[in-house]
Every structure is written in C-alpha cells, then in structure tokens.
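See structure below.
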Amino acid sequence: MRIATWNVNSVTARLPRLLAWLESAKPDVVCLQELKCATDAFPGEQVAELGYEAAAYGTGRWNGVAILSRVGIEDVRRGLIDEPVYEDASEPRAIGATCDGVRVWSVYVPNGREPGHEHYAYKLRWLEALRGTVISESDGARPFAVLGDFNIAPTDEDVWDISLFTESTHVTDAERKALAVLREAGLSDVLPRALKYDKPYTYWDYRQLAFPKNNGMRIDLVYADAKFAGSVTDAYVDREERKGKGASDHAPVVVDLTV
DNA sequence: ATGCCTGGGTATCCCAGA
C-alpha cells in the first residue's frame, strides 16, 4: 500500500496538479490539508474519475482536510475527541478513516503565529486533543498513523538555519514536547528520504527564492504506530511537486507499506 | 533551471500562511 500526505494550499487551485500527481504517483490513500473549500465544494467527482473515494471536511476560506482512498474508506470521523475551539469556532483540521484495514488521520495542526499569541496556546491545546484521540484510537490491533502538516519541526536539523528561528513558532520546546508525548503514546516519526540534497524538507516558503536555495523545513510528518512503522519499506519527499508554476508551498510525503 | 509569494474573500485591499 502507498499512503501519502500533502498540504495542497487550496485543493481548487491545486486540482490540475493533484489529478496529474494521483495518476503518476498512484497512491492508494492520500491525506490532504489546507483544502480552502467547504465540504460540499470538494472536487469529489474529479478524483472519483481516477478511482478515488473521498471524505472531506472543510468550511471554506481556511483550513480543511480530506482523505482520498482507492482501497475503500470506512468509519470516517471528523474532528478530534474533545477538540478545542478558536475564537468560539471549531475548525476543520482533522479527519480520520479506515482504508483497507489501516486507520489514518489527516491533520492540519494550527500554525500558532507566534509564541505568546492566543493561536499558539490553541495550537498546544489542539495537540493535547490529538494525543487523546491517538490514545483512544491506536489499540495496536490495526496499523495506525497520523499524517499531515504538524507545523512543528521535530529537531533543529529540520529547518535550514536554526539561528533564524529564535522567538519563532515551529521549534519551541513546548511544541516539540507535544511530539514527544505522541511518541510516548506509541507513535514514531517515519523519516522520509530526500530526493535531492541531504535534508527531507517538505515545505519551502514561496518568497525569497526559498525553494531554489533549499531554505526548507520538515513539518509535514508521518507519526505511525509500531504495526504501521514496522511495515514501511520506503518513504520519500516528492520535491518534484514543489517545482514550477502552480505548485503548493508543501511537497507530498509518500510512504510505501507491505500491508 | 526550481527563480525572488500565493489563495480566497469582506475584493481591487486584507488576512493568513510558517
């Protein structure tokens, strides 16, 4: 089975590239983030023509997540257990589904904006709810993984220049502790290989030639339980998708499994 | 070449992204 995660930065704007990529990469399951469209506006018919069923969860302008599967999709759950709200609103940032016996979650962790900001506190509360959902759903009986844009660089090696990240989100101790808590809950970081250079970055800002300079960050992660991680045969970042006109600022992470 | 932001909506500026 091939499972991928990709922050597409608007599924509407990215649709031509998404469809072409589905045809070339041939993933069985795809976790999408930043749909920027409402559930009803998701391009389900277009992906169905390529053999994919879709479960989407979006409210429009911001956020939005989905799972595509060509091996079946069951037990869809929208939102985390005991999910926090931001400014009194629940945001579409998590969706779970079972695809051919594998339980996957597609997550778009809040950005945080800056340490001390209310959005940062929300990010940490949201990650606590993710932990609770992981504990509730990962029983070891079936392969389980959380895939998506975590908006956290796990180590200093996961950003191009850590000296530029003082007083910044994505690298703080509290955010990294939230990842450590997920590892303590039985998940492990499935580290992809890079197709070029030495670091498997997954995000490069649109500005200041970040991609040509390889000023990237590894923030799109695959956190998998033992059954899932133990069946991984390969994992890579498809940086080709960051190239050219009409690219997302994130590249897909692709994982191959024996299950 | 991979090339100096992009997407979407309250729209022709503003907010968010990381």
Check your understanding: Considering only B:dG7, B:dA16, B:dA18, which nucleotide approaches the side chain of A:Arg14 most closely?
Key -> B:dG7
Check your understanding: In whole angstroms, how far is the P atom of B:dA16 from the CG atom of A:Asn151?
Key -> 15 Å
Review point. What nucleic acid atoms does A:Asn215 come within less than 4.0 Å of, heavy atoms only: base, sugar-phosphate, or nothing?
Key: nothing
Review point. Are A:Arg2 and A:Asp28 ion-paired here, with the side-chain N under 4.0 Å from a carboxylate O?
Key: no
Point to revise | Any A:His250 side-chain nitrogen or oxygen under 4.0 Å from OP1 or OP2 of B:dA18 | key: yes
Practice item. Go through the structure and list residues passing side-chain hydrogen bond (donor to acceptor under 3.5 Å, both in side chains) with A:Arg239, not counting sequence neighbours. Key: none
Practice item. Report the distance from atom CG of A:Asp249 to atom P of B:dA16, rounded to the nearest whole Å. Key: 16 Å
Point to revise | Separation between the P atoms of B:dC14 and B:dA1, rounded to whole Å | key: 37 Å
Review point. Can you tell me how far NE2 of A:His170 sits from CD of A:Glu114, rounded to the nearest 0.5 angstrom?
Key: 12.5 Å
Exercise for review: Using a 4.0 Å heavy-atom cut-off across all strands, classify A:Thr12 as base, sugar-phosphate, or nothing.
Suggested key: sugar-phosphate
Review point. With a 4.0 Å cut-off on heavy atoms, is A:Arg242 in touch with a base, just the backbone sugar-phosphate, or nothing at all?
Key: nothing
Point to revise | Donor-acceptor pair (no angle test) under 3.5 Å: A:Lys245 side chain, B:dT2 base | key: no
**Study point:** Sole residue of A:His250, A:Gln33, A:Lys36 in side chain to side chain donor-acceptor pair (under 3.5 Å) with A:Asn9
**Key:** A:Lys36
Practice item. Specify whether A:His119 and A:Tyr86 have parallel, tilted or perpendicular ring planes, treating 30° as the upper limit for parallel and 60° as the lower limit for perpendicular. Key: perpendicular
Review point. Which is true for A:Phe165 with a 4.0 Å heavy-atom rule: it touches a base, it touches only sugar-phosphate, or it touches nothing?
Key: nothing
Point to revise | Nucleotide B:dT2, atom C1' - distance to CG of A:Asp238 in whole Å | key: 14 Å
**Study point:** B:dC15 to B:dG3 separation - C1' atoms, rounded to the nearest Å
**Key:** 26 Å
Review point. Between atom NE2 in A:His170 and atom C1' in B:dA16, what is the gap in whole Å?
Key: 12 Å
Review point. Taking the six-membered ring for Trp, are the ring centroids of A:Phe150 and A:Tyr223 within less than 6.0 Å of each other?
Key: yes
Review point. Would you call the rings of A:Phe211 and A:Trp204 parallel, tilted or perpendicular, where under 30° means parallel and over 60° means perpendicular?
Key: perpendicular
Exercise for review: Select base, sugar-phosphate, or nothing to describe what A:Lys196 touches, counting heavy atoms under 4.0 Å on all strands.
Suggested key: base
Check your understanding: In whole angstrom, what separates A:Phe42's CZ from B:dG8's C1'?
Key -> 17 Å
Review point. Is the shortest side-chain N to carboxylate O distance from A:Arg70 to A:Glu53 below 4.0 Å?
Key: no
Revision key, fill the gap. Per atom distances to the A:Arg239 side chain, the nearest of B:dG8, B:dA18, B:dT2 is B:dT2
Check your understanding: Could you state the CG-P distance from A:Leu195 to B:dT2, rounded to the nearest angstrom?
Key -> 14 Å
Check your understanding: Heavy atom of residues 201-213 of chain A under 4.0 Å from DNA chain B: which residues?
Key -> A:Tyr203, A:Tyr206, A:Arg207, A:Gln208, A:Leu209, A:Phe211, A:Pro212
**Study point:** Selection from B:dA18, B:dG7, B:dT2 that lies nearest to any side-chain heavy atom of A:Asn9
**Key:** B:dG7
Review point. Is A:Lys227 salt-bridged to A:Asp139, cutoff N-O under 4.0 Å?
Key: no
Study note, to complete from the structure: To the nearest angstrom, the NE2-C1' distance between A:His119 and B:dC15 comes to 12 Å
Review point. P atom, B:dA16 versus B:dT10: distance in rounded Å?
Key: 14 Å
**Study point:** Nucleotide B:dG7, atom C1' - distance to CD of A:Gln33 in whole Å
**Key:** 17 Å
Review point. Using a cut-off of 4.0 Å on non-hydrogen atoms, how would the nucleic acid contact of A:Thr169 be classed: base, sugar-phosphate, or nothing?
Key: nothing
Revision key, fill the gap. Whichever of A:Ala13 and A:Asn214 has the more 5' nearest nucleotide on DNA chain B, that residue is A:Asn214
Check your understanding: When the P atoms of B:dT2 and B:dT12 are considered, how many whole Å apart are they?
Key -> 36 Å
Practice item. Just call it for A:Asn63: base, sugar-phosphate, or nothing, with non-hydrogen atoms closer than 4.0 Å on any strand. Key: nothing
Check your understanding: Choosing from B:dG8, B:dT2, B:dG17, which nucleotide comes nearest the side chain of A:Lys36?
Key -> B:dG8
Exercise for review: For nucleotides B:dC4 and B:dG9, find the distance between their P atoms and express it as a whole number of Å.
Suggested key: 25 Å
Check your understanding: How far does the C1' atom of B:dA11 sit from the matching atom of B:dG7, given to the nearest Å?
Key -> 13 Å
Exercise for review: Please work out if A:Glu34 contacts a base, only the sugar-phosphate, or nothing of the nucleic acid, heavy-atom cut-off 4.0 Å.
Suggested key: sugar-phosphate
Look for any protein N or O under 3.5 Å of an N or O in nucleotides 10-14 of chain B and output each such pair with its distance, or none.
from, atom 1, to, atom 2, distance (Å)
B:dT10, O4, A:Arg61, NH1, 3.0

Practice item. Assess the pair A:Tyr120 and A:Trp126: is the distance between their ring centroids shorter than 6.0 Å? Key: no
Check your understanding: Is it true that A:Arg78 and A:Glu83 make a salt bridge, defined as a side-chain N closer than 4.0 Å to a carboxylate O?
Key -> no
Review point. Do A:Trp21 and A:Asp238 have side-chain N/O donor and acceptor atoms under 3.5 Å apart?
Key: yes
